[in-house]
Amino acid sequence: MIAFAGILRIVVCMKWIVLLVLSQTLSWGQVGVYVLEGVHEAASELTLHADGSFAFGLIYGAADYWGKGTWKLEGNSVVLQSTGKVAPFFRLLKSSAGDASGVKVWVQGSNGRGVENIDVALRTGSESVQGRTNEEGIAFFPKLKDVREVGFEVSVFGVEFGPIPVAKGMRDFVFAIDGNAIQEMRFEAERLVHHNGMLELRKFDPAKPSIYRRK
């Protein structure tokens with residue numbers, strides 16, 4: 001009786017091991033590098049690693065995007081989930097009264113240098129005005145005084161951010177831009193159907209999925 005119970009435990013244990021191996025095999029079947037196909041002026045790769053992490057890259061026109069996180073298998077789908085906190089694209093670092101000549105908005109990169117070609121929109125009590133940062137990262141609005149909000153647009157990435165409320169009476173502003181956050185492509189429980197060595201990504205167009213084929 002004791003010997004039979006021991007054999008039964010061994011059989012049950014072996015069944016669990018087989019199920020575990022099969023489960024891992026199914027997941028490992030999706031591991032690899034997938035390349036976007038059939039899209040002009042775009043290049044993209046999605047890598048599913050065996051440790052359950054993924055890396056994403058996309059070049060579209062003049063814009064470069066990246067993404068990372070974890071993935072899991074649910075039925076015939078691969079589900080992507082980005083990790084890390086969502087960072088604001090722009091942050092107000094400091095402001096001052098400046099002088100009466102106008103309003104100055106300085107946009108700095110992570111290296112402390114000015115960033116050019118950033119569209120800046122200011123809202124006053126009665127109107128909205130727009131400008132763009134120069135090679136020094138400065139957008140200047142002459143004779144403007146009463147600023148209530150500041151907004152930004154990065155046209156290359158199709159990003160709009162703001163408006164950001166500012167203190168009354170301030171005319172000189174320094175903002176930090178987080179280029180890394182702007183370039184990040186985030187995935188929130190993004191479900192990609194997997195079949196025949198391909199993944200269908202519907203993030204960009206639900207009606208027409210992007211096809212990623214495994215190398």
Side-chain angles (χ1 to χ4, degrees), residues 22-91 107 109-110 115-121 130 132-133 149-164 175-215:
L22 287 175
S23 174
Q24 290 179 338
T25 301
L26 289 174
S27 296
W28 288 342
Q30 281 70 42
V31 171
V33 179
Y34 295 79
V35 180
L36 176 66
E37 62 177 26
V39 180
H40 297 295
E41 298 182 358
S44 181
E45 281 192 357
L46 172 63
T47 303
L48 304 180
H49 297 288
D51 63 358
S53 65
F54 77 85
F56 175 83
L58 168 65
I59 300 174
Y60 185 72
D64 289 6
Y65 297 92
W66 66 275
K68 67 177 182 179
T70 60
W71 71 277
K72 61 181 178 180
L73 187 63
E74 290 186 356
N76 67 333
S77 297
V78 169
V79 181
L80 306 182
Q81 180 64 49
S82 293
T83 53
K85 295 181 179 180
V86 179
F89 298 156
F90 293 86
R91 291 183 299 110
V107 179
S110 58
V115 180
E116 63 179 329
N117 296 324
I118 303 298
D119 292 317
V120 182
Q130 296 183 340
R132 176 172 288 187
T133 58
E149 298 173 334
V150 181
F152 299 94
E153 181 180 354
V154 186
S155 56
V156 172
F157 291 92
V159 166
E160 294 184 3
F161 188 83
I164 302 172
F175 285 88
I177 180 175
D178 190 334
N180 199 50
I182 290 175
Q183 290 180 279
E184 182 181 10
M185 183 72 68
R186 293 193 63 85
F187 299 89
E188 304 298 335
E190 187 72 34
R191 185 177 295 272
L192 288 72
V193 175
H194 180 274
H195 61 90
N196 297 328
M198 296 184 296
L199 291 172
E200 294 183 357
L201 175 63
R202 297 181 179 269
K203 181 178 180 65
F204 310 117
D205 187 350
K208 186 179 180 181
S210 303
I211 305 300
Y212 286 74
R213 186 180 298 276
R214 185 160 59 181
K215 284 184 178 180

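Between Glu45 and Lys215, the closest side-chain pair of non-hydrogen atoms falls below 4.5 Å. Looking at heavy atoms from C-beta onward, Leu48 lies in side-chain contact with Leu80 at the 4.5 angstrom threshold. Residues Thr83 and Phe54 fail the side-chain proximity criterion, which asks for heavy atoms closer than 4.5 Å. Side-chain contact check for His194 versus Asn76: every heavy-atom pair is 4.5 Å or farther apart. The shortest distance between side-chain heavy atoms of Lys203 and Met185 falls below 4.5 Å. Between Arg214 and Val33 the shortest side-chain heavy-atom distance does not fall below 4.5 Å. In this structure the side chain of Arg132 never reaches within 4.5 angstrom of the side chain of Val120, judged on heavy atoms. You'll find the side chain of Ile118 stays beyond 4.5 Å of the side chain of Phe175, heavy atoms only.
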Could you check Val86 against Arg186 for side-chain contact (heavy atoms from CB on, under 4.5 Å), going step by step and ending with a plain yes or no? CA-CA 9 Å; Val86 179; Arg186 293 193 63 85; 3.4 Å; yes
Can you check side-chain contact (heavy atoms from CB on, under 4.5 Å) on Leu201 and Phe187, steps first, answer last? CA-CA 11 Å; Leu201 175 63; Phe187 299 89; 4.2 Å; yes
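Summarising the geometry, atom NZ belonging to Lys68 is positioned 14.0 Å from atom OG1 belonging to Thr47; distances are rounded to the nearest 0.5 Å. To the nearest 0.5 Å, the span separating CG on Leu192 from OH on Tyr212 amounts to 8.5 Å. Distance check, rounded to the nearest 0.5 Å: CD1 of Ile177 to OG1 of Thr133 gives 8.0 Å. For the atom pair OG of Ser82 and CD of Glu188, the computed distance is 5.5 Å after rounding to the nearest 0.5 Å. With values rounded to the nearest 0.5 angstrom, Leu36 atom CG is found 11.5 Å from Leu199 atom CG. Atom CD1 of residue Ile211 and atom CD of residue Glu200 lie 4.5 Å apart, to the nearest 0.5 angstrom.
The two residues Asp178 and Pro88 make their nearest non-hydrogen contact at CB-O, 3.7 Å. Taking every heavy atom of both residues into account, Ser44 and Gly57 meet most closely at OG-O, 2.7 Å. Of all heavy-atom pairs spanning Trp71 and Val78, the tightest one is CE3-CG1, 3.8 Å.
Between the side chain of Trp66 and the backbone N or O of Ala55 there is no donor-acceptor pair closer than 3.5 Å. No donor-acceptor pair closer than 3.5 Å links the side chain of Asn196 to the backbone N or O of Met198.
In terms of the ring pair (Phe, Tyr, Trp, His ring centres under 6.0 Å) criterion, Tyr34 has no residue partners (sequence neighbours excluded). With sequence neighbours excluded, the residues forming a side chain to side chain donor-acceptor pair (under 3.5 Å) with Asp51 are Ser53, listed by chain and number.
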Listing, residues 149-163 side-chain donor-acceptor contacts under 3.5 Å, not counting sequence neighbours, or none:
from   : atom 1 : to     : atom 2 : distance (Å)
Glu149 : OE1    : Arg123 : NH1    : 3.3

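Counting non-hydrogen atoms of neighbouring residues, nucleotides and ligands closer than 6.0 angstrom, the CD atom of Glu74 exceeds 12 such neighbours. Open room surrounds CD on Gln130; 12 or fewer heavy atoms of other groups in view lie less than 6.0 Å from it. Other residues, nucleotides and ligands contribute more than 12 heavy atoms inside 6.0 Å of the CZ atom of Arg202.
Ring geometry for Phe204 against Phe56 counts as tilted: the plane angle lies between 30° and 60°, on a 0 to 90° scale.
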